[in-house]
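In what follows, a single structure is set out as structure tokens and then discussed.
Because only heavy atoms are used, hydrogens play no part in the values below, and waters and symmetry mates are left out as well, while side chains stay in. Whatever order the structure lists ligands and atoms in, that order sets their numbers, starting from 1.
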Amino acid sequence: MSRSTFKFADWVTVPDEGAAAEYLVLCRDVIPGGDQGEHDTMCRWEYRVLDDREEADKQQKAHAEETGHRLFVERSTCYTIISPPPGSVLAGRLARQERAVAIRTH
Ligand SMILES: [Zn+2]
């Protein structure tokens, strides 16, 4: 194991508060006969929202009620940051360093 890999072993993954989580719901149900009535086609309904998991769930249920479709795929994207463990000496040092950079750039 290299020294740099070991150095990050105790660090933690935390959500990036500065970035919005994205939720995507896709209907994977099949419409028998499709548009022309010959072949089955995928429904293709989808709903995308930022930072609102409940709204994604609500829209999914509304689509199910409207169409009777019950097969979905949910995808969520969560931005993260690798940080030293909270309360550690390194966490304090890193916070001071980031404040110094923020002051210099403003
Ligand atoms: Zn559908």
Discussion item. Could you identify the N, O or S atom of His69 positioned closest to the Zn ion (ligand 1)?
Written reply: ND1
Worksheet entry | pair Asp16-Thr80: side-chain heavy atoms closer than 4.5 Å | no
Worksheet item: When you draw lines from the Zn ion (ligand 1) to SG of Cys27 and to SG of Cys43, what angle lies between them, to the nearest 10°?
Response: 110°
Discussion item. I'd like the atom name of the N/O/S atom in His63 lying closest to the Zn ion (ligand 1).
Written reply: NE2
Worksheet entry | Note: Glu74-Arg53 ion pair, threshold 4.0 Å (strictly below) | yes
Item to complete: Fit a plane to each ring of Trp45 and His63, take the angle between them on a 0 to 90° scale, and name the class: parallel (under 30°), tilted (30 to 60°) or perpendicular (over 60°).
Response: parallel
Worksheet entry | Taking every non-hydrogen atom, the tightest pair across Pro85 and Trp11 | CD-CA, 4.2 Å
